[in-house]
Amino acid sequence: MRKEILLTDIINFIKDKLKVIHGNPEGIKVKYLRAPKDVDQITLDWINDGKENIQDRVETSKAMAIIIAWNIVYSESLKNQGKVIIQVENPKLEIARIANEFFVEKKFHGIHHTAVIHPNAVMGENIYIGPNSIIGDCKIGNNVIIFGNVFIYDNVEIHDDVEIHNGVSLGNEATNFIRDIDGQYIRFAHIGKVVIENNVVIGANSVISRGVLENTIIKKGSKIAQLVFIGANNIIGENCLIRPNVMTSGSVSIGAQTIIAPSVTIREHRKVGEGCFIGMGAVVTKDIPNGETWIGNPAKKMVK
Amino acid sequence: MRKEILLTDIINFIKDKLKVIHGNPEGIKVKYLRAPKDVDQITLDWINDGKENIQDRVETSKAMAIIIAWNIVYSESLKNQGKVIIQVENPKLEIARIANEFFVEKKFHGIHHTAVIHPNAVMGENIYIGPNSIIGDCKIGNNVIIFGNVFIYDNVEIHDDVEIHNGVSLGNEATNFIRDIDGQYIRFAHIGKVVIENNVVIGANSVISRGVLENTIIKKGSKIAQLVFIGANNIIGENCLIRPNVMTSGSVSIGAQTIIAPSVTIREHRKVGEGCFIGMGAVVTKDIPNGETWIGNPAKKMVK
Amino acid sequence: MRKEILLTDIINFIKDKLKVIHGNPEGIKVKYLRAPKDVDQITLDWINDGKENIQDRVETSKAMAIIIAWNIVYSESLKNQGKVIIQVENPKLEIARIANEFFVEKKFHGIHHTAVIHPNAVMGENIYIGPNSIIGDCKIGNNVIIFGNVFIYDNVEIHDDVEIHNGVSLGNEATNFIRDIDGQYIRFAHIGKVVIENNVVIGANSVISRGVLENTIIKKGSKIAQLVFIGANNIIGENCLIRPNVMTSGSVSIGAQTIIAPSVTIREHRKVGEGCFIGMGAVVTKDIPNGETWIGNPAKKMVK
């Protein structure tokens, strides 16, 4: 059973972000975040700042408590119904914070007995490792969540507050082979690490290759989605967002705050700047300077 | 050892689809379905309706029993060899049905002792769960086959006659983050379900994200291939066919009977109609009306 | 602790490839292969033949032992420092061989107690099977390494010296369905094998479908990267290199020595010749003759 949350507790939690409150929150309880069509009296409703007819939407919402971005008229009708209207700068962001604090169960802790852990692995405090995950001779920081069926090869370093979803492979050796004179392939061994810095998230079934001689590094705060491949020696900057099915070849570097849309492929040794956006399905064959948007196959700078 | 099957049993199984039978099936046994070059006397042979020279192919097949789409002349030679020629509307379809009934072992049952099942999970009748699969607090219907190394997060609903292949991830939270004022990402928690309706198949290592507030739904009869990513809040209509390496972003909807070729990517919030075909490698950035074929990057309507 | 290696042992190992040695290797020990910026006295350094200023680089390297492609002047300075300069045809290739022989731990052996093996599986000598891998009714040759969380369906044949990384799926049935008259899909059962020939490597989370009536075959020496999908009935020729995120539809054949760059998609039944190169993100809809380079979506022959 989901429990009821006092609206006053929620308001207290976001008190630094409050602009205006209409109505009296005392005694009001909420229980759900819900899609617009499902909103009921015990839903905490919110209206994004881009939406039109905000006054109308507030008037017609079934919820007792609504978070909005622009001020409205606290009409007689709203007053009579006892509704509470809470104005903040960014309702979606505040709802995200509220959800993480009040609506998401934090239940992961401990190492499942079916996980297979290398005896020399070094583990921080407050770690969760899910069923059937396999952890090599690695160093894992504090507050790390590793879901089930994850495979981490030796010589991977995971810092604090990292979250790794099921089926992820960290430290797999990329297919770096050198063709011999008779056409056969000789493996070029990878002896670098994978380093996952603080607050990184890696989505289900993604694969991150270890570096060849240097390390593959995912810098702090970056979020990597599902079914992503990150090549050897990549440096992914801070707070990047890499969406599903992206593929980056070996020795790619990505600057901080860059967003890579789904199904993008990036050629080896390419440097993508900071604050860039690479559009869906782009095939990047050139370096991309800071702040630019590139799209297409082959990718070109978008002219606005 | 594969066992011999009486041709009369097979004919009886497809009796509603028979148009003409030449020759006497009594006493004839078949043991194999085989590639054309490997056909022998105990193979059940068939000829697709698109093939030319059907009379020739029937005359020269080594098989004693052949299923065909168009009638042929039951020649003296065929008669003397005692061959049986069976005419139906769609030989490939009938062979598929026959294979499923007579040639494929149905051996999956029970829950492997290495599977890790949430104590509150609700299970239907006649379920198979393979080794090392991890099942959260879910509801699973009847006659469901879940192969090994599958990971199902909490709050996933699987209806009847569903088949989930190894390495699949259901209910992984998509990388839905909101950028804070200081450039850091705050997770927007996903509290919707994944709902997999009757007769759906999901191929190896595919990932289906849970909905944010509403549910991600794969409607009945749809077949999803391998290494596919289905985003949060997607509605995949009935009897769709989604081929390998497809990626659909969040809040995409796909109408019934639509076929999505390999490596297609679809932008968030796009609506694809019913009975559409999206060609290999297409990058879909617009809505697609019912019945249309779109191809290319960016995808455009194909002009025939 | 990594151990020290006698330079004389390394020289002896590559003695057939030596052209010139300057200096006296007796008593010199090396311990690392390192990125250029990290080279120290006990690193075995090397310089690729493409690099400029080789004399300069040799003079300024901190390493005592350097492998190079072009002869240099063995200067007074090099002589006074006692440095050893070893000239070979292909330094990168020799470093790869040296790394595999001296710098990579060969520690994989045995079958992990959490692996689930079909009782009828036939196993060769000197096999490693990692934790939680699931092996069906298969035939596995000698010196095969299978990492953890691998899933191998029944009726797969793996020859000698094969290496299969974590999360791989072999023998998954492709989504081969036939649409019935009422729009529902009937599965066309796959009864062919997957055959993995000698010296093949398959990267993490890749999926190889079994053949329908014939076999899917990966011929000897081919290297398949991560998150790759190989369709039913594919024949991948000898010594091919298939990079991450590639998708080949059913019944594709690829000639020997062909290289397929990342994120390529190939249409069903297409024949790619020997010694071809298919560029990153290409969508191949036509047959490609021997020795050609094709790029783009849709892929076209590259005009040089």
Side-chain angles (χ1 to χ4, degrees), chain B residues 32-38 89-90 92-93 95-97 99-100 103-105 107 112 114 130-132 147-149 163 165-167 199 201-206 220-227 238-239 241-245 256-257 259 261-264 275 279-283 295-297, chain C residues 114-116 131-134 149-154 167-170 172-192 205-207 209 211-215 227-229 231 233 245-249 263-268 281-285 297-298:
Chain B
Y32 299 113
L33 300 177
R34 281 184 155 164
K37 71 175 178 50
D38 299 324
E89 186 79 37
N90 186 340
K92 195 174 179 190
L93 180 59
I95 284 286
R97 289 193 214 275
N100 292 339
F103 288 86
V104 178
E105 281 183 81
K107 62 179 175 188
H112 198 270
T114 59
N132 300 326
F147 285 90
N149 290 343
E163 187 178 315
H165 283 265
N166 75 289
N199 283 299
V201 174
I202 302 174
N205 288 359
S206 288
K220 64 184 182 186
S222 279
K223 314 301 181 190
I224 293 176
Q226 297 92 344
L227 292 167
E238 294 185 11
N239 293 314
L241 193 53
I242 299 188
R243 307 295 310 280
N245 201 33
Q257 307 279 355
I259 296 176
S263 305
V264 165
M280 214 173 68
V283 175
I295 56 172
N297 176 4
Chain C
T114 59
V116 176
N132 300 326
S133 279
I134 301 163
N149 289 344
V150 168
F151 193 100
I152 305 182
Y153 288 78
D154 289 347
V168 164
S169 169
L170 300 182
N172 184 235
E173 206 162 306
T175 45
N176 193 353
F177 288 88
I178 303 168
R179 202 174 259 190
D180 197 355
I181 201 162
D182 59 358
Q184 292 193 38
Y185 287 103
I186 306 295
R187 178 194 300 277
F188 198 91
H190 288 207
I191 57 184
N205 287 359
S206 288
V207 176
S209 291
V212 182
L213 297 170
E214 308 206 42
N215 298 331
L227 292 167
V228 169
F229 176 79
N233 288 16
N245 201 32
V246 166
M247 188 280 164
T248 67
S249 306
S263 305
V264 165
T265 302
I266 304 181
R267 190 169 176 171
E268 62 272 21
V283 175
V284 176
T285 59
N297 175 4

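Keep in mind the model is a prediction, meaning the values are calculated, not measured. Each chain gets a letter, A, B and so on, in the order its sequence line appears, and its residues count up from 1. Just so it is clear, the values below take in all heavy atoms, side chains as well, and ignore hydrogens, waters and symmetry mates.
Under the side-chain contact (heavy atoms from CB on, under 4.5 Å) criterion, B:Arg97 pairs with B:Phe13, B:Lys17, B:Leu93, B:Glu94, C:Asp180, C:Ile186, sequence neighbours left out. For B:Lys220, the side-chain contact (heavy atoms from CB on, under 4.5 Å) partners two or more places apart in sequence, or in a different chain, are B:Glu197, B:Asn198, B:Glu238.
In this structure, chain B has no heavy atom under 4.5 Å from any part of C:Ser263. For chain B, no part of C:Val246 is nearby; none of its heavy atoms comes within less than 4.5 Å. Residue C:Ser169 touches chain B through both its backbone and its side chain, counting heavy-atom pairs closer than 4.5 Å. Interface residue C:Val150: only backbone heavy atoms are found under 4.5 Å from chain B. Neither the backbone nor the side chain of B:Ile202 has a heavy atom closer than 4.5 Å to any heavy atom of chain C. Looking at C:Ile152, there are no atoms closer than 4.5 Å to chain B (heavy atoms on both sides), in backbone or side chain. Looking at B:Ile295, neither its backbone nor its side chain comes within 4.5 Å of chain C, counting heavy atoms on both sides.
Below 30°, between 30° and 60°, or above 60°: for B:Phe147 and C:Phe151 the angle between ring planes is above 60°, a perpendicular geometry.
Ranked by heavy-atom pairs under 4.5 Å with chain C, the first of B:Val201, B:Asn199, B:Asp38, B:Leu227 is B:Leu227. Your options are C:Gln184, C:Arg267, C:Arg187, and the one with the most heavy-atom pairs under 4.5 Å with chain B is C:Arg187. Between chain C and the options B:Gly281, B:Gly279, B:Ala204, B:Gly221, the largest number of non-hydrogen pairs under 4.5 Å is found for B:Ala204. Of the listed residues C:Leu213, C:Asn149, C:Val212, C:Val116, the one with more heavy-atom pairs under 4.5 angstrom with chain B than any other is C:Leu213. In terms of heavy-atom pairs under 4.5 Å with chain B, the best-connected choice from C:Val283, C:Thr265, C:Asn245 is C:Thr265.
Nearest approach of B:Lys37 to C:Glu214, heavy atoms of both residues: CE-OE1, 3.2 Å. Across C:Asn172 and B:His165, no two heavy atoms sit closer than the pair ND2-ND1, 2.6 Å.
A distance-only check finds a donor-acceptor pair linking the side chain of B:Asn205 to the backbone of C:Gly167 [under 3.5 Å].
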Inset, instruction - Given side chain to side chain contact (heavy atoms under 4.5 Å, CB included), test B:Gln257 with C:Arg179 step by step and report yes or no. - result: CA-CA 10 Å; B:Gln257 307 279 355; C:Arg179 202 174 259 190; 3.1 Å; yes
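The side-chain tip of B:Lys223 does not point at the ring of C:Tyr185 from less than 6.0 angstrom away and within 45° of straight on.
In this structure, a donor-acceptor pair under 3.5 Å is present between the side chains of B:Asn166 and C:Tyr153.
Among C:Thr114, C:Ile134, C:Asn132, the one residue that satisfies the side-chain contact (heavy atoms from CB on, under 4.5 Å) test with B:Pro131 is C:Ile134.
Taken from CG in C:Asn297 to CE in B:Met280, the straight-line distance is 8.0 Å, to the nearest 0.5 Å.
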